[in-house]
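All values reported here derive from a predicted model rather than from experimental measurement.
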Amino acid sequence: MTTLRRFTCNDLFTYNNVNLDILTETYNLPFYLTYLAKRPEYCLMAEGPGKQAMGYILGKAEGDGDLWHGHVTAVTVAPDFRRQNLAQKLMQILEEISEKVHDCFFVDLFVRKSNSVAINMYRKFGYIIYRTVVGYYSGDEDAYDMRKALPRDVDKRSTIPLKRPIKPEELEWE
């Protein structure tokens, strides 16, 4: 049985099985603690029997005006627990928080262009490739900025793809 609950500081000592994946970004301790302190509603853990970490999601709301949106900072599921719809459930909760708590126009995320498995998964969740961000990841790998419109964006203007790639310094928010 899986329990979805708030991510806590203690989880930082038990999530190694989730983060030990070549495509999962691992951040420094202050980064995680900042999310837990400032955006606790966006920090969720999927926990299995014996309190084993199965996966987690971190996010935030950011932007101004019609660019006010939910952002998926990290979503990952340990290899032993993939293909159980955990990522989908975590994403649905983040989208719901973005819509109902923060009244966002859309949700976005960044994904490595080489990560075709994740790109296909996000497409199944209703995300589109909005634009390419050149050299976004270390090692100069490009990212896709993928987006999903929320009900507040009635005309779905936030998901009209940008025609040209951008550089990280051109992003509207950090």
Side-chain angles (χ1 to χ4, degrees), residues 2-9 11 15 18 23-27 30-46 54-77 85-113 115 117-134 136-137 142-174:
T2 304
T3 301
L4 297 177
R5 59 166 179 76
R6 288 263 172 104
F7 195 109
T8 68
C9 294
D11 292 325
Y15 75 155
V18 179
L23 296 173
T24 297
E25 293 288 324
T26 299
Y27 303 99
F31 181 89
Y32 290 100
L33 294 173
T34 298
Y35 269 78
L36 293 173
K38 291 185 176 182
R39 305 167 178 105
E41 74 278 14
Y42 275 117
C43 302
L44 301 167
M45 172 66 73
M54 298 171 74
Y56 67 87
I57 192 164
L58 301 176
K60 60 185 173 180
E62 64 183 356
D64 293 310
D66 60 359
L67 292 177
W68 178 246
H69 68 284
H71 175 72
V72 179
T73 302
V75 60
T76 189
V77 174
N85 295 322
L86 286 176
Q88 182 176 21
K89 184 63 180 166
L90 290 166
M91 292 288 290
Q92 287 171 340
I93 294 169
L94 184 137
E95 291 165 10
E96 188 174 302
I97 292 166
S98 296
E99 175 188 350
K100 294 181 178 171
V101 175
H102 294 284
D103 198 25
C104 295
F105 286 93
F106 62 96
V107 172
D108 81 340
L109 57 90
F110 295 96
V111 60
R112 292 176 185 276
K113 277 182 73 172
N115 192 348
V117 172
I119 293 164
N120 290 330
M121 177 186 72
Y122 296 132
R123 282 187 168 138
K124 287 179 189 172
F125 298 166
Y127 287 76
I128 61 98
I129 295 173
Y130 173 72
R131 61 187 170 184
T132 300
V133 183
V134 178
Y136 181 79
Y137 288 102
D142 296 348
Y144 285 136
D145 176 355
M146 297 186 76
R147 292 185 176 186
K148 180 178 182 177
L150 295 175
R152 184 174 182 192
D153 184 5
V154 177
D155 298 325
K156 306 215 182 306
R157 290 183 303 143
S158 63
T159 57
I160 298 170
L162 194 63
K163 301 286 186 211
R164 67 172 185 85
I166 67 164
K167 296 177 182 173
E169 57 268 18
E170 295 177 85
L171 289 169
E172 299 87 355
W173 48 81
E174 292 192 25

* State whether the side chain of N85 and the backbone N or O of Q88 hold a donor-acceptor pair below 3.5 Å, judged by distance alone. => no
* Asked: Taking the six-membered ring for Trp, are the ring centroids of F110 and Y144 within less than 6.0 Å of each other?
  -> no
* Would you say S158 and D66 make side-chain contact, with heavy atoms under 4.5 Å? -> no
* Asked: Taking the inter-plane angle between the rings of F7 and Y32 on a 0 to 90° scale, is it parallel (under 30°), tilted (30 to 60°) or perpendicular (over 60°)?
  -> parallel
* Asked: Is there a side chain to side chain contact (heavy atoms under 4.5 Å, CB included) between V72 and L94 once you walk through the steps?
  -> CA-CA 8 Å; V72 179; L94 184 137; 3.7 Å; yes
* **Evaluation steps, side chain to side chain contact (heavy atoms under 4.5 Å, CB included), between K38 and T34** => CA-CA 6 Å; K38 291 185 176 182; T34 298; 3.9 Å; yes
* To do: Check A149 against T159 and note the closest heavy-atom contact, atom names and distance.
  => N-CG2, 3.5 Å
* Asked: What are the two closest heavy atoms between I129 and R123, and how far apart are they?
  -> CD1-NH2, 3.1 Å
* Structure fact -> Value for CG (L67) from CZ (R157), rounded to nearest 0.5 Å, stands at 9.5 Å
* Asked: Hey, does Q92 have a side-chain heavy atom less than 4.5 Å from the side chain of E96?
  -> no
* Asked: Can you find a heavy atom in the side chain of M146 that is under 4.5 Å from one in the side chain of D108?
  -> no
* Check: I166 and L171 side chains under 4.5 Å, non-hydrogen atoms -> yes
* Asked: Given side chains that start at C-beta, do those of Y56 and L86 come closer than 4.5 Å, heavy atoms only?
  -> no
* To do: Please determine if R39 forms a cation-pi arrangement with Y42, meaning its NZ or CZ atom is less than 6.0 Å from the six-membered ring centre and no more than 45° off the ring axis.
  => no
* To do: Evaluate the ring planes of F31 and Y27, with Trp represented by its six-membered ring, and classify them as parallel (under 30°), tilted (30 to 60°) or perpendicular (over 60°).
  => parallel
* Asked: Which value, rounded to the nearest 0.5 Å, describes the distance between K60 atom NZ and C104 atom SG?
  -> 12.0 Å
* To do: In sequence, state the C-alpha distance, the side-chain angles, and the governing distance for L4 and M45, and then conclude on side chain to side chain contact (heavy atoms under 4.5 Å, CB included).
  => CA-CA 6 Å; L4 297 177; M45 172 66 73; over 6 Å; no
* **Presence of salt bridge, R164 and E170, under 4.0 angstrom** => yes
* H69 ring center near F105 ring center (under 6.0 Å) -> no
* Below 4.5 Å, heavy atoms only, C-beta onward: do V133 and K167 meet side chain to side chain? -> no
* Any salt bridge between R5 and D11, counting N to O under 4.0 Å? -> yes
* **Taking every non-hydrogen atom, the tightest pair across L36 and C43** => CD2-CB, 3.7 Å
* To do: Measure across L90 and G55 and return the closest heavy-atom pair with its distance rounded to 0.1 Å.
  => CD1-C, 4.3 Å
* **K148 (side chain) donor-acceptor with I128 (main chain) under 3.5 angstrom** => no
* To do: Taking all non-hydrogen atoms of both residues into account, name the closest pair between C9 and L33 and its distance.
  => SG-CD2, 3.7 Å
* Structure fact -> Rounding to 0.5 Å, atoms CG (D155) and CD1 (I160) come to a distance of 8.5 Å
* Minimum side-chain heavy-atom gap Y127-V107 below 4.5 Å -> yes
* Report the C-alpha distance between W68 and H102 in whole Å, list the side-chain angles of each, state the deciding distance to 0.1 Å, and finish with yes or no for side chain to side chain contact (heavy atoms under 4.5 Å, CB included). => CA-CA 9 Å; W68 178 246; H102 294 284; 4.1 Å; yes
* To do: Using a strict cut-off of less than 4.0 Å between a Lys/Arg side-chain nitrogen and an Asp/Glu carboxylate oxygen, indicate whether E172 and R131 qualify as a salt bridge.
  => yes
* **Any V75 side-chain heavy atom under 4.5 Å of M91 side chain** => yes
* Would you say D64 has more than 12 foreign heavy atoms packed within less than 6.0 Å of its CG? -> no
* Can you find a side-chain donor-acceptor pair between T73 and Y35 that sits under 3.5 Å? -> yes
* To do: Not counting sequence neighbours, which residues clear salt bridge (Lys or Arg N to Asp or Glu O under 4.0 Å) with D153? List them please.
  => none
* **Contacts of type salt bridge (Lys or Arg N to Asp or Glu O under 4.0 Å), residue R152, not counting sequence neighbours** => D103
* Structure fact -> Between E41 and I97 the two heavy atoms that sit nearest each other are O-CD1, 2.8 Å
